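Below is one structure; the comments refer to it alone.
Computed over heavy atoms, backbone and side chain alike; hydrogens, waters and symmetry mates excluded. Since this is a predicted model, take the numbers as computed values, not measurements. First the proteins, then the strands, lettered A, B, ... as listed; each starts at 1.
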Protein chains: 2
Amino acid sequence: MAEIDPYACLKLENQICFPLYACSKEVVRKYKPFLDELDLTYTQYITMMVLWDKKQMNVKEIGKCLYLDSGTLTPLLKKLESKGYITRHRSKEDERNLLIKITPEGEALKERAVAVPAQMGKCFDLDPKEAKLLYDLMYKLLDTFHTEE
Amino acid sequence: MAEIDPYACLKLENQICFPLYACSKEVVRKYKPFLDELDLTYTQYITMMVLWDKKQMNVKEIGKCLYLDSGTLTPLLKKLESKGYITRHRSKEDERNLLIKITPEGEALKERAVAVPAQMGKCFDLDPKEAKLLYDLMYKLLDTFHTEE
DNA sequence: TTCAATCGAATTGTACACAATTATTTTAGG
DNA sequence: CCTAAAATAATTGTGTACAATTCGATTGAA
């Protein structure tokens, strides 16, 4: 009969979070060659994604969509501004709000960006059922974390 | 009949990678209060995990386990050394290898660390079947990424 | 009305994460 | 034996992440 290891839970192969953490990093690495063509990092890419959808938002709203805070977004948005893809202006109605607006150049980038999801899809060896499963599991966890406090 | 949006693939809610990225970050954030008690960051914690298992490794081997390179590990290992949990010495047989050894203090930390997985488990609203599913999906993806090139 | 509480963004400080480069050591081919 | 190639860490530079703090603007209760 096998001895029970009281520290088995501390082995990397028994962890559920570690493969999640590692997988996330590897996925972002996979994006790199495709995003390099657009001169975007992964975080800049998903930021553009919310702006392609909404056209105008403040920093707080973007942060809520992406689970990021102003400490991450402020320098990132300045970068996107310097590339000419967005503008940053204070709201007239409430000076606390910094309005982020997409520019025509930012809109144009969308044309080239549509290629990325297709290219990434080829790197994923998941059938539609598995992909849906993964998607639902991730959002279930995100919801749990969000509603807990 | 609904119009087909050629840019639908660029919407955040149609992305499979984004919830993975967001979930990974949120999980690491969940660890923080528990790891703060051990004065460890998440990356330091998983590094200790491989050393609790193997006692002695070089930087390359640790990096292979954790999917990290020396640019990340070198400063992190110096930090763990300064905390007294590991030692860093060049191998006598091959001076290129930096041998990382766990100290008695590092071993002792294991006693307090066993509490962490149990505490984290309570934050996860997944039944065993879902957890297994997630685990297998993550390793399937990691394997794909690894064997592709 | 007024001022304390709140809010949104920016800043600061610490810690990854990784590509690219460098330095040192070892190995192997001629 | 000697030198070119390979291997291993460390370093450098850029870009996140996030907690904590600060700052200015706004709001709401006395």
- Write down the distance between OH (Tyr67(A)) and C1' (dT16(D)), rounded to a whole number of angstrom. 19 Å
- Task: With the side chain counted from C-beta on, respond yes when Tyr31(B) and Val116(B) share a heavy-atom pair under 4.5 Å apart, and no when they do not.
- Result: yes
- Query: Do any side-chain nitrogens or oxygens of Lys32(A) fall under 4.0 Å of OP1 or OP2 in dT16(D)?
  - Reply: no
- Residue Thr43(A), side-chain atoms from C-beta onward, closest of dA19(D), dA25(D), dA17(D): dA17(D)
- Message: Classify Leu68(B) by what it touches in the nucleic acid, base, sugar-phosphate, or nothing, heavy-atom distance under 4.0 Å.
- Response: sugar-phosphate
- Starting from C1' on dA7(D), measure out to CG on Asp69(B) and report it in whole angstrom. 15 Å
- Item | Separation of atom OH in Tyr45(A) from atom P in dT16(D), rounded to whole Å | 15 Å
- Message: Heavy-atom nearest nucleotide on DNA chain D for Thr74(B) versus Lys79(A): which residue maps closer to 5'?
- Response: Thr74(B)
- Message: Between Asp36(A) and Lys32(A), does any side-chain N to carboxylate O distance fall below 4.0 Å?
- Response: yes
- Message: Could you tell me how far apart Leu99(A) (CG) and dA25(D) (C1') are, to the nearest whole angstrom?
- Response: 14 Å
- Task: Check every strand shown and say whether Thr72(B) touches a base, only sugar-phosphate, or nothing at a heavy-atom separation below 4.0 Å.
- Result: base
- Query: Got a salt bridge between Lys54(B) and Glu61(B), using NZ or NE/NH1/NH2 to carboxylate O under 4.0 Å?
  - Reply: no
- Aromatic ring pairing Tyr42(A)/Tyr21(B), orientation class (parallel under 30°, perpendicular over 60°, tilted between): perpendicular
- With a 4.5 Å limit on heavy-atom distance, are the side chains of Pro19(A) and Leu142(B) in contact? yes
- Message: Using a 4.0 Å cut-off to any heavy atom of chain A, which nucleotides of DNA chain C are the first and last in contact, reading 5' to 3'?
- Response: dC7(C) to dA19(C)
- Is there side-chain contact between Asp53(B) and Leu12(A), with at least one heavy-atom pair below 4.5 Å? no
- Task: Whole angstrom is fine here: how far is it from NZ in Lys64(B) over to C1' in dA9(D)?
- Result: 17 Å
- Message: Please tell me if Thr41(A) has a side-chain N or O lying less than 4.0 Å from either OP1 or OP2 of dT16(D).
- Response: yes
- Item | Any Arg90(A) side-chain nitrogen or oxygen under 4.0 Å from OP1 or OP2 of dG24(D) | no
- Task: Would you classify Asn97(A) as touching base, sugar-phosphate or nothing, given that sugar-phosphate means primed atoms plus P, OP1 and OP2, and contacts are heavy atoms under 4.0 Å?
- Result: sugar-phosphate
- Task: Remember a base hit wins even if backbone is also touched, and classify Asp94(A) as base, sugar-phosphate or nothing at under 4.0 Å, heavy atoms.
- Result: sugar-phosphate
- Message: Let me confirm one number: the CZ-CD distance from Arg90(A) to Glu95(A), rounded to the nearest 0.5 Å.
- Response: 7.5 Å
- Note on the structure: Rounded to the nearest 0.5 Å, the CD atom of Glu13(B) sits from the CE atom of Met49(A) at a distance of 10.5 Å
- Taking atom P of dT16(D) as reference, at what distance in whole Å does atom CD1 of Ile46(A) sit? 10 Å
- Looking for any heavy atom pair under 4.0 Å, which part of the strands does Glu93(A) touch: base, sugar-phosphate only, or nothing? sugar-phosphate
- Query: Between atom CG in Leu73(A) and atom P in dG15(D), what is the gap in whole Å?
  - Reply: 15 Å
- Task: Could you tell me whether Ser70(A) contacts a base, only the sugar-phosphate backbone, or nothing, with contacts defined as non-hydrogen atoms closer than 4.0 Å?
- Result: base
- Between NZ of Lys25(A) and C1' of dA17(D) the distance, given in whole Å, is 14 Å
- Looking for any heavy atom pair under 4.0 Å, which part of the strands does Leu76(A) touch: base, sugar-phosphate only, or nothing? sugar-phosphate
